[in-house]
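Working notes, beginning with the structure itself.
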There are 2 protein chains.
Amino acid sequence: MTDKDSKLYNIDRTSSAGYMTNWAARLFARAMDRRLKPLGLSTGHLPIFFALGAGGALSQKALTEYAAIEQPTMAATLSRMERDGLIHREPDANDRRSMLISLTPLALEKLPAVREAIETLNEKALGALSEEERDAFLVSLAKIVAALADDD
Amino acid sequence: MTDKDSKLYNIDRTSSAGYMTNWAARLFARAMDRRLKPLGLSTGHLPIFFALGAGGALSQKALTEYAAIEQPTMAATLSRMERDGLIHREPDANDRRSMLISLTPLALEKLPAVREAIETLNEKALGALSEEERDAFLVSLAKIVAALADDD
DNA sequence: GCAATGAACATAGTGTGCTATATAACATAT
DNA sequence: ATATGTTATATAGCACACTATGTTCATTGC
């Protein structure tokens with residue numbers, strides 16, 4: 001196979017939106033985890049912090065839908081967070097199947113540092129993008145999420 | 001805390017590039033894995049297919065750099081692929097520490113279906129984006145990758 | 001030539017995601 | 001009221017990412 005054939009026949013990974021999105025996401029996660037580690041946190045905690053940061057309580061089911069992950073993934077993350085003293089689980093009086101989840105004071109204390117980490121990392125990542133490019137990037141991501149959200 | 005205070009104080013996750021990139025990447029991976037599963041493949045194989053799809057052989061080290069993952073991650077992925085008959089490992093005559101990796105005929109056979117899966121999924125994900133938006137999206141991703149690539 | 005340094009790969013342990021499946025409680029319909 | 005189906009959570013097993021560390025071979029300096 002010649003170089004020319006190869007070029008025609010192969011896909012360039014840098015022009016595949018899926019490949020590049022995965023690559024950027026891995027770099028984001030790596031960098032974020034390094035910033036969160038000194039706080040005793042990690043990236044998987046972030047959706048729960050977003051959802052419960054105002055101080056309320058939600059069921060595991062509600063958190064699962066909010067975070068847009070599968071139920072067993074949420075269950076495992078909550079187990080680790082409970083183990084580490086970050087969340088509190090209490091039975092729902094209205095439904096004995098359900099548990100209400102809330103952040104502990106320990107977790108709430110960390111919120112400002114979490115916001116700081118998110119903002120500085122986004123700033124670093126988007127440093128080479130203009131305001132217009134940043135807006136367009138977020139709009140495109142939202143469209144992609146919407147297009148892929150209905151299962152498969 | 002009032003709604004207004006909450007808005008001021010909290011970050012909206014949909015305006016965090018890192019959060020949205022992670023979200024889109026998870027949806028891409030889920031959908032791609034479902035398409036690759038009938039082929040006996042998964043997303044972790046893709047960088048190796050991109051790198052070795054032309055039929056050559058590379059060291060684990062070279063593949064690790066190409067895929068931009070950590071060395072133990074590549075080692076584990078290659079072990080699974082060898083177990084599943086997708087790659088061949090042979091000792092490098094010039095450096096006894098090093099192994100040369102190549103795709104097996106079984107893996108090479110699957111290449112057209114892999115390309116097809118990548119193209120159709122990208123098409124589905126980008127369906128709501130114009131040509132200009134698609135180009136801009138890839139350019140922004142490349143800038144973000146470059147900004148985050150130098151470690152932390 | 002030998003010691004020290006570095007490079008390539010392997011292994012151990014953990015987190016976060018997935019699918020498939022089990023269990024217990026709620027809801028409904030006869 | 002009981003059987004049937006649905007919903008909320010739990011568990012098992014795997015893939016793929018990370019960090020930390022060990023082993024073996026290559027290289028470099030003396």
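A, B, ... follow the sequence lines: proteins, then strands. Residue 1 opens every chain. Every heavy atom of this structure was used, including side-chain atoms; hydrogens, water molecules and symmetry mates were not.
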Item checked: Within residues 89-103 of chain B: residues closer than 4.0 Å to DNA chain C (heavy atoms) ->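 Close to the strand are B:R89, B:R97, B:S98, B:M99.
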Do [X] and [Y] have side-chain heavy atoms sitting under 4.5 Å apart?
{"X": "A:H88", "Y": "A:I101", "answer": "no"}
{"X": "B:L100", "Y": "B:Q60", "answer": "no"}
{"X": "A:L78", "Y": "A:I87", "answer": "yes"}
{"X": "A:D92", "Y": "A:M99", "answer": "no"}

Check: Taking the nucleotide of DNA chain C with the closest heavy atom to each, which residue, A:T73 or B:S59, is nearer the 5' end?
Finding: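 It is B:S59, whose closest nucleotide lies nearer the 5' terminus.
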Next item on the list: Using the test salt bridge (charged side-chain N to carboxylate O under 4.0 Å, His left out), find all partners of A:E109 that sit at least two apart in sequence or belong to another chain.
Entry: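 Testing A:E109 for salt bridge (charged side-chain N to carboxylate O under 4.0 Å, His left out), a comparison that skips the adjacent residues, returns none.
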Margin query: Assuming nearest nucleotide by heavy-atom distance, tell me which of A:K37 and B:T77 is located more 5' along DNA chain D.
Written below: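 Residue closer to the 5' terminus by nearest nucleotide: B:T77.
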Note to self: OP1 or OP2 of C:dT14 versus the side-chain N and O atoms of A:R83: is any pair under 4.0 Å?
What the structure shows: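 A:R83 to C:dT14 OP1/OP2: no side-chain N or O under 4.0 Å.
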Item checked: Residue-phosphate contact under 4.0 Å: B:S79 side-chain N/O, C:dA10 OP1/OP2 ->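 So the side-chain polar atoms of B:S79 never come under 4.0 Å of the phosphate oxygens OP1 or OP2 of C:dA10.
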Roughly how many Å is it from [atom1] in [X] to [atom2] in [N], rounded to a whole number?
{"X": "B:D33", "N": "C:dA20", "atom1": "CG", "atom2": "C1'", "answer": "15 Å"}
{"X": "B:N22", "N": "D:dC16", "atom1": "CG", "atom2": "P", "answer": "17 Å"}
{"X": "A:E70", "N": "C:dT19", "atom1": "CD", "atom2": "C1'", "answer": "8 Å"}
{"X": "A:Q71", "N": "C:dA24", "atom1": "CD", "atom2": "P", "answer": "16 Å"}
{"X": "B:E65", "N": "C:dC9", "atom1": "CD", "atom2": "C1'", "answer": "14 Å"}
{"X": "A:R80", "N": "D:dT11", "atom1": "CZ", "atom2": "P", "answer": "14 Å"}
{"X": "A:L63", "N": "C:dT16", "atom1": "CG", "atom2": "C1'", "answer": "16 Å"}
{"X": "B:Q60", "N": "C:dT11", "atom1": "CD", "atom2": "C1'", "answer": "12 Å"}

Check: Do the numbers put B:R115 on top of the ring of B:F49, so that NZ or CZ is under 6.0 Å from the six-membered ring centre and no more than 45° off the axis?
Finding: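 The answer is no; the distance or angle limit is not met.
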I want to verify a distance call: between [options], whose nearest atom is closest to the [X] side chain?
{"X": "B:K61", "options": "C:dA8, D:dA12, D:dA8", "value": "C:dA8"}
{"X": "A:A75", "options": "D:dC18, D:dA10, D:dA17", "value": "D:dA10"}
{"X": "B:S42", "options": "C:dC18, D:dA15, C:dT16", "value": "D:dA15"}

Next item on the list: Report the end-to-end axis angle of the helix from C:dG1-D:dC30 to C:dT30-D:dA1; each axis comes from five terminal pairs, and the value is rounded to 10°.
Entry: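 Result, rounded to 10 degrees: 0°.
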Check: Once you round to the nearest 0.5 Å, how far does CH2 of B:W23 lie from OG of B:S16?
Finding: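 That separation rounds to 12.0 Å.
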Next item on the list: Would you confirm whether the ring centroid of A:F50 sits within less than 6.0 angstrom of the ring centroid of B:Y19?
Entry: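 Yes, ring centres under 6.0 Å apart.
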Checklist line | Electrostatic pair A:E70:B:R30 at N-O distance under 4.0 angstrom | finding: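 The answer is yes: the pair qualifies as a salt bridge.
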Check: Is a donor on one side and an acceptor on the other found under 3.5 Å between the side chain of A:T64 and the backbone of A:Q71?
Finding: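 No, the answer is negative, given that no donor and acceptor are paired below the 3.5 Å cut-off.
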